> 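After the structure tokens below, expect a handful of questions from me.
Since the structure is predicted, the reported quantities are computational estimates derived from the model, not experimental observations. Positions are given from 1, in the same order as the sequence printed here. FYI, side chains are in, hydrogens and waters are out, and symmetry mates aren't considered; it's all heavy atoms of this structure.
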Amino acid sequence: MAKKKQQYRLYDAFAPFYDLYWGDWYLDDCRQGLAELVLPRIPAGGRVLDLCCGTGQLARWLTACGFEVTGLDGSEEMLALARRNAPKASFICADARTFAFDEPFDAVLSTFDSVNHFPTLEDVATVFENVARALAPGGVFVFDVNTQAGFLDAADESYITEEGGPVCVVRSTYDVKTGVGLSKVTGFLQEGELWRRVDFAIPEYHYTLKDLKAALRAAGFRPPETLDAAEDFGMPRAHGRVFLVTEKRG
């Protein structure tokens, strides 16, 4: 348990940077694809779980679409911003590998390669099992992952984000042998007239589509539809990313 708490402290540190530079950017990229290919499969006004919800941009949009939304994340700092960004949604701090709900959901969405953040395939399989338990029969499960091509596309990438708020320098690497990508972040947060520096590294892990589909099948899901983020979702900046769309068996 202590190891899991330590893992989420990375995301606590990342929260203000993610909220400013990535949350809306990613939603703007995937919104049309979700609206056309996913939302029609969810009952109007249905219950939706935004799994690994980050700072709540997706939850905000889903509530605006008329759904009853619960966001779940392991980072308290991410959730503090999510509650501000999406006041009509409900939020709970929990680990995606251990959560449980009494009332079933009509759909579970887990976006922005959240699945790649779990360090083992066993962890991913446990997440899928929890999702299956949380869904009503026939409920929809949608998530996206970076494939090997996506990791390679981002390898050895460096950039600076700065729009009048926290300044963030990101350097990305990818080890083909281990399948581990690493985003090393140096951030600067303004506190009064001073700037505080924070340094952290967020790992992501490559899983093959074959292994992911086998884990879905074992958890009780139908064979997923695999959609290319760039071609099917209209996300030109998402080379090497795919969405898997499936349903819980009845």
> State whether the side chain of R41 and the backbone N or O of E247 hold a donor-acceptor pair below 3.5 Å, judged by distance alone.
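No, the answer is negative, given that no donor and acceptor are paired below the 3.5 Å cut-off.
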> What's the shortest heavy-atom distance between A94 and F99, and which atoms?
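Heavy atoms only, the tightest pair is CB-CB, 4.3 Å.
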> Compare every heavy atom of M78 with every heavy atom of S75, then report the nearest pair and how far apart it is.
OG-N, 3.1 Å
> Would the distance check show the side chain of K248 and the main-chain N or O of G139 forming a donor-acceptor pair, the cut-off being under 3.5 Å?
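No, the answer is negative, given that no donor and acceptor are paired below the 3.5 Å cut-off.
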> Among V108, V115, V127, V242, which residue satisfies the side chain to side chain contact (heavy atoms under 4.5 Å, CB included) criterion with F143?
V115
> Any side-chain heavy atom of L209 sitting closer than 4.5 Å to one from P224?
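They are not in contact (no side-chain heavy atoms under 4.5 Å apart), so the answer is no.
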> Please check: side-chain N/O of R197 versus main-chain N/O of T186, any donor-acceptor pairing under 3.5 Å?
no
> Do L10 and L182 land in one hydrophobic cluster if side-chain heavy atoms of ILVMFWY residues count as linked below 4.5 Å?
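No, because L10 and L182 fall into different hydrophobic clusters, even though each may have its own neighbours under 4.5 Å.
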> Which atom pair, heavy atoms only, marks the closest approach of C93 to G74?
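Minimum heavy-atom separation between C93 and G74: SG-O, 3.7 Å.
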> Examine F200 and L81 and state if one hydrophobic cluster contains both, with Ile, Leu, Val, Met, Phe, Trp and Tyr joined whenever side-chain heavy atoms are less than 4.5 Å apart.
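No; tracing contacts between hydrophobic side chains, which count when under 4.5 Å, never links both residues.
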> Which distance, rounded to the nearest 0.5 Å, do you find between the OG1 of T111 and the CZ of R31?
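If we round to the nearest 0.5 Å, T111:OG1 and R31:CZ are 12.0 Å apart.
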> Please examine the side chains of F17 and L189, heavy atoms only from C-beta on, and report whether any two atoms are closer than 4.5 Å.
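Answer yes - side chains close enough.
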> Any idea how F128 and F221 line up, ring-wise: parallel (<30°), tilted (30 to 60°), or perpendicular (>60°)?
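Because their plane-to-plane angle is over 60°, the rings of F128 and F221 count as perpendicular.
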> With rounding to the nearest 0.5 Å, note down the distance linking CZ in F105 to CD1 in I42.
12.0 Å
> What distance separates N146 CG from R241 CZ, expressed to the nearest 0.5 Å?
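Reported to 0.5 Å precision, the distance equals 4.5 Å.
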> Applying side-chain contact (heavy atoms from CB on, under 4.5 Å) to C168 and V185, what does each step give before you reach the verdict?
CA-CA 7 Å; C168 187; V185 180; 3.4 Å; yes
> Would you call the rings of F112 and Y26 parallel, tilted or perpendicular if under 30° counts as parallel and over 60° as perpendicular?
parallel
> Under 4.5 Å between side-chain heavy atoms, counting indirect links through other Ile/Leu/Val/Met/Phe/Trp/Tyr residues: same cluster for L152 and V145 or not?
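Different hydrophobic clusters.
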> Could you walk me through whether R84 and T55 pass side-chain hydrogen bond (donor to acceptor under 3.5 Å, both in side chains), step by step?
CA-CA 9 Å; R84 183 195 67 188; T55 52; over 6 Å; no
> Is there a side-chain contact between Q190 and V167, using heavy atoms and a 4.5 Å cut-off?
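SC-SC contact between Q190 and V167 ruled out.
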> Look at the side chain of D232 and the backbone N and O of D228, then say whether any donor-acceptor pair between them is shorter than 3.5 Å.
yes
> Looking at D175 and K177, what are the two nearest heavy atoms and their distance?
OD1-N, 2.9 Å
> To the nearest 0.5 Å, what is the distance between CG (D95) and CG (D73)?
10.0 Å
> Between T246 and R222 (side chain of the first, backbone of the second, donor and acceptor by atom type, cut-off under 3.5 Å), is there such a pair?
yes
> Between K213 and P223, is any pair of side-chain heavy atoms under 4.5 Å apart?
no
> Considering all heavy atoms of both residues, which atom of A219 and which atom of A132 are nearest to each other, and what is their separation?
O-CB, 3.3 Å
> With the 4.5 Å side-chain cut-off for hydrophobic clustering, are L244 and F151 part of the same group?
no
> Test E68 against D106 for side-chain contact (heavy atoms from CB on, under 4.5 Å), laying out the working first.
CA-CA 10 Å; E68 181 184 338; D106 298 297; over 6 Å; no
> What distance do Q57 atom CD and D50 atom CG have between them, rounded to the nearest 0.5 Å?
10.0 Å
> Going only through I, L, V, M, F, W and Y residues with side-chain contacts under 4.5 Å, is there a path from F141 to L72?
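Result: yes, single cluster for both.
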> Is the shortest side-chain N to carboxylate O distance from D28 to R237 below 4.0 Å?
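No salt bridge links D28 with R237.
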> Checking ring pair (Phe, Tyr, Trp, His ring centres under 6.0 Å) between H117 and each of Y207, Y11, Y205, which is the one that passes?
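Of the listed residues Y207, Y11, Y205, the ring pair (Phe, Tyr, Trp, His ring centres under 6.0 Å) partner of H117 is Y11.
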> Under the side-chain hydrogen bond (donor to acceptor under 3.5 Å, both in side chains) rule, what pairs show up with a residue in residues 124-137, not counting sequence neighbours?
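Matches after skipping sequence neighbours: N130-R133.
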> Do F243 and L37 have side-chain heavy atoms sitting under 4.5 Å apart?
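No, every pair of side-chain atoms sits at 4.5 Å or beyond.
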> Kindly indicate whether the side chain of F101, heavy atoms from C-beta on, has any atom under 4.5 Å from the side chain of I92.
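Yes, their side chains come closer than 4.5 Å.
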> More than 12 non-hydrogen atoms from neighbouring residues, nucleotides or ligands closer than 6.0 Å to CZ on R217, yes or no?
no
> Let's go through L109 and V140 carefully: what are the C-alpha distance in whole Å and the side-chain angles of both, what is the deciding distance for side-chain contact (heavy atoms from CB on, under 4.5 Å) to 0.1 Å, and is it a yes or a no?
CA-CA 8 Å; L109 278 65; V140 178; 5.9 Å; no
> Would you say S110's side chain and L51's backbone share a donor-acceptor pair under 3.5 angstrom?
yes
> Do E204 and Y174 pass the side-chain hydrogen bond (donor to acceptor under 3.5 Å, both in side chains) test, and can you show the C-alpha distance, the side-chain angles, and the key distance before you say yes or no?
CA-CA 9 Å; E204 291 194 44; Y174 179 62; over 6 Å; no
> Relative to the ring of W22, is the ring of Y18 parallel (under 30°), tilted (30 to 60°) or perpendicular (over 60°)?
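Correct class here is parallel.
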> Between V69 and K88, does a side-chain contact (heavy atoms from CB on, under 4.5 Å) hold up when you go through it step by step?
CA-CA 8 Å; V69 181; K88 294 183 179 179; over 6 Å; no
> Can you measure from CG (D113) to NE2 (H206) and round to the nearest 0.5 angstrom?
12.5 Å
> Can you check whether L79 reaches C53 side chain to side chain, under 4.5 Å on heavy atoms?
yes
> Side chains of C52 and F118: does their closest heavy-atom pair fall under 4.5 Å?
yes
